[in-house]
2 protein chains.
Amino acid sequence: MSKNVTLNNPSNVEAVNILKSGFKDHRSIIIVGNCSVYYKGRASSQLGDGERIIILKPDGSALIHRPKDYPPVNWQPPGSLFRIKLDNDSIGLRIFRKKENEVIEVKIMSIIFLAVLDLTDVAEFNLHASEKDMQEAILLQPSLIEDNFRPITSERHVEPGFIDIMGYDNKNVLTIIEIKRKKATKKDVMQLKKYIDSLNVGEKRNIRGIIVAPYLAKGSQELISSFRYEFKLITPQQCSEILLKKKSKVITDYFNIK
Amino acid sequence: MSKNVTLNNPSNVEAVNILKSGFKDHRSIIIVGNCSVYYKGRASSQLGDGERIIILKPDGSALIHRPKDYPPVNWQPPGSLFRIKLDNDSIGLRIFRKKENEVIEVKIMSIIFLAVLDLTDVAEFNLHASEKDMQEAILLQPSLIEDNFRPITSERHVEPGFIDIMGYDNKNVLTIIEIKRKKATKKDVMQLKKYIDSLNVGEKRNIRGIIVAPYLAKGSQELISSFRYEFKLITPQQCSEILLKKKSKVITDYFNIK
DNA sequence: TAATAAATGTCGTTT
DNA sequence: AAACGACGTTTATTA
């Protein structure tokens, strides 16, 4: 018996049986066929007949894709439950989360193709150049900001949220850094202002504010200047490379010690 | 010749030929197989060998799904280009957007299943209970806010953005409404404040501010009170029903006239 | 559980 | 092309 089952144009009876065993065994399932979709939960939606790709994953996530667009037309996140039943001229597929009160009902008129698959995927996924990477890179190499910049805490909590990086500059002035992995908007500048204001509730202190980003949105520079903050151009790519270098250095050092 | 091609365990040579003609004919393509994925663009990522579902759509959108999680592990939005080539022991699939400088490279070691499909889906998709629906419902039935509320403009543009609804109340006081389809946060209250402040740049006027939402986040009520704004409980579902009623009434009226 | 902010966010709309 | 806000946003993190 093959671990994977694939069928072209199965009968609805046949399909329901295979799907039921697929659910039981927590397989990855692909259904291609003509269906209509009804959704009700936070919002509600209807979608008339058409040919779509339905993916049901072992973790309970579900995707219904039309032959266009990046996002699924309907979906459920992991943890959803699947129920299937044979109707007169169609298959009823119910994808639901009870607690959240979210339900998708798929009426499958006919199946073009059905796959019940036992997929193995344990590989690591590594994503670089996130905002967190930028933060790490600056902490590893504070001179990215300027010579003799000395971070004191990362992610310090103040009332409005978390400060990305806090530190002292060359002249021992408290410096607050707000990092953006892409264009820094006026909103981002206001965010920085909120953090600095919240540190200034008692006696007024001299606090520097620096926006770190690859570039600025229109109007951001004016806002930055009006608050006497500064903009420091750093790209996620730069940071990514610094992390790579530093990490390989750590490995090199390790072998040198050995 | 069938319009749809499905193949179990095709050879790499066979697969490349079928995929090439599939790209040419703008088909929907499903590839299930063992692959590794490399992405570089706004960020970058690596993903080692594993069995995944790859979907390529006629509009140039692409999805690479692991057998878990709701979001694709790698993707490209519509408008991407697909290129395929046969390597020694694998297939090289390149999914890229030149202008945006975003590239996915998929190294497909072996294909478990391949489908090249001509899917037809022209159905309408209707989503209800969006914020726009709530806005429409209030404009159709302004008494939802309170008796004798009279909207004057919807979506008026002021400096920080767009005001959801503007109008005059029973006492002819200018009233600004900010609509949220779910929990209204402190941020949303601040948004309303920005709009009202921007209308108050010249002479100070008496302006009412109302947050319309199904419920409030913690701290929002305090913020609302501190600005002397108000909270009006309205749910997206309520609005959805009003729209349905009003629209069916329009149809009824139409038939009555006829 | 709620709040908060990031995301390769994407997508639509308007300037 | 840039700015801005909605999205059934989802997801992760933290109080």
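Letters go in sequence order (proteins before strands), and every chain restarts at 1. What you see is a predicted model; the values in this text were computed from it and never measured.
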Over how many whole Å does the gap from [X] atom [atom1] to [N] atom [atom2] extend?
{"X": "B:I163", "N": "C:dT14", "atom1": "CD1", "atom2": "P", "value": "16 Å"}
{"X": "B:L216", "N": "C:dT4", "atom1": "CG", "atom2": "P", "value": "13 Å"}
{"X": "B:Y215", "N": "C:dA3", "atom1": "OH", "atom2": "P", "value": "8 Å"}
{"X": "A:F162", "N": "C:dT4", "atom1": "CZ", "atom2": "P", "value": "11 Å"}
{"X": "B:F125", "N": "C:dG12", "atom1": "CZ", "atom2": "P", "value": "12 Å"}
{"X": "A:D164", "N": "C:dT4", "atom1": "CG", "atom2": "P", "value": "16 Å"}

Residues B:Y39 and B:E102: side-chain donor-acceptor under 3.5 angstrom: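 Checked: B:Y39/B:E102 side chains pair up, N/O donor to acceptor below 3.5 Å.
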Pair A:S226-A:E222, side-chain donor/acceptor within less than 3.5 Å: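 A:E222 and A:S226 do not have a side-chain donor-acceptor pair below 3.5 Å.
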Chi angles and distances behind the side-chain contact (heavy atoms from CB on, under 4.5 Å) call for B:L144, B:K232: CA-CA 9 Å; B:L144 264 174; B:K232 176 73 191 175; over 6 Å; no
Is_stacked (A:Y39, D:dG8) at 5.5 Å, 30 deg: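 A:Y39 ring centre within cut-off of D:dG8 base, planes near parallel; stacks.
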Close residues, residues 58-83 of chain B, relative to DNA chain C [heavy-atom separation under 4.0 Å]: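 Within residues 58-83 of chain B, the residues near DNA chain C are B:V73, B:N74, B:W75, B:P77, B:P78.
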Close approaches to DNA chain C from residues 40-53 of chain B, in residue order (heavy atom, under 4.0 Å):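 B:R42, B:A43 - these, ordered by number, are the residues of the stretch whose heavy atoms sit under 4.0 Å from the strand.
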Reported CD-to-CD1 distance for the pair A:E136 and A:I179, which is rounded to 0.5 angstrom: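 The CD atom of A:E136 sits 10.5 Å away from the CD1 atom of A:I179.
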Stepwise side-chain contact (heavy atoms from CB on, under 4.5 Å) check, B:H128 with B:L243: CA-CA 9 Å; B:H128 310 288; B:L243 287 182; over 6 Å; no
5'-to-3' dot-bracket of DNA chain D (Watson-Crick, G-U; under 3.5 angstrom; crossing pairs as [ ]; | other strand): |||||||.|||||||
All ring pair (Phe, Tyr, Trp, His ring centres under 6.0 Å) counterparts of A:F227, not counting sequence neighbours: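 Per chain and number, A:F227 pairs via ring pair (Phe, Tyr, Trp, His ring centres under 6.0 Å) with A:Y229.
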Pairing residues for A:F82 by the ring pair (Phe, Tyr, Trp, His ring centres under 6.0 Å) criterion, not counting sequence neighbours: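 If we apply the ring pair (Phe, Tyr, Trp, His ring centres under 6.0 Å) test to A:F82, skipping adjacent residues, the hits are A:F23.
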Sidechain N-carboxylate O distance under 4.0 Å for B:E178, B:K180: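 Here B:E178 pairs with B:K180 in a salt bridge, since their nearest N and O are under 4.0 Å apart.
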Residues that B:E51 engages under salt bridge (Lys or Arg N to Asp or Glu O under 4.0 Å), provided they are two or more places apart: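 By the salt bridge (Lys or Arg N to Asp or Glu O under 4.0 Å) rule, B:E51 matches no residue at all.
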Does a nitrogen or oxygen in the side chain of [X] sit under 4.0 Å from OP1 or OP2 of [N]?
{"X": "B:K182", "N": "D:dC7", "result": "no"}
{"X": "B:K183", "N": "C:dT4", "result": "no"}
{"X": "B:K218", "N": "C:dT1", "result": "no"}
{"X": "A:K186", "N": "D:dC4", "result": "yes"}
{"X": "A:R97", "N": "D:dG8", "result": "no"}
{"X": "A:K180", "N": "C:dA5", "result": "no"}
{"X": "A:K194", "N": "C:dA5", "result": "no"}
{"X": "A:K132", "N": "D:dT13", "result": "no"}

Sugar-phosphate, base or nothing in reach of B:S130, heavy atoms under 4.0 Å: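 Here B:S130 touches the backbone only, sparing every base.
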Touch class at under 4.0 angstrom, heavy-atom based, for B:E102 against every strand present: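 Counting heavy atoms under 4.0 Å across all strands, the contact made by B:E102 includes a base.
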Validation row: [X], [Y] side chains within 4.5 angstrom (heavy atoms):
{"X": "B:I234", "Y": "B:C239", "value": "yes"}
{"X": "A:P67", "Y": "B:K57", "value": "no"}
{"X": "A:I53", "Y": "B:I30", "value": "yes"}

side-chain contact (heavy atoms from CB on, under 4.5 Å) between B:R94 and B:K85, worked out: CA-CA 9 Å; B:R94 187 182 173 83; B:K85 75 180 210 293; over 6 Å; no
Integer angstrom distance from the P of C:dT8 to that of C:dT4: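 It works out to 23 Å between them.
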P-based separation of D:dC4 from D:dG8 [nearest Å]: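 Looking at atom P only, D:dG8 and D:dC4 are 23 Å apart.
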Minimum-distance nucleotide to A:Q191 side chain [options: D:dC7, C:dA5, D:dG5]: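 Of D:dC7, C:dA5, D:dG5, C:dA5 is nearest to the side chain of A:Q191.
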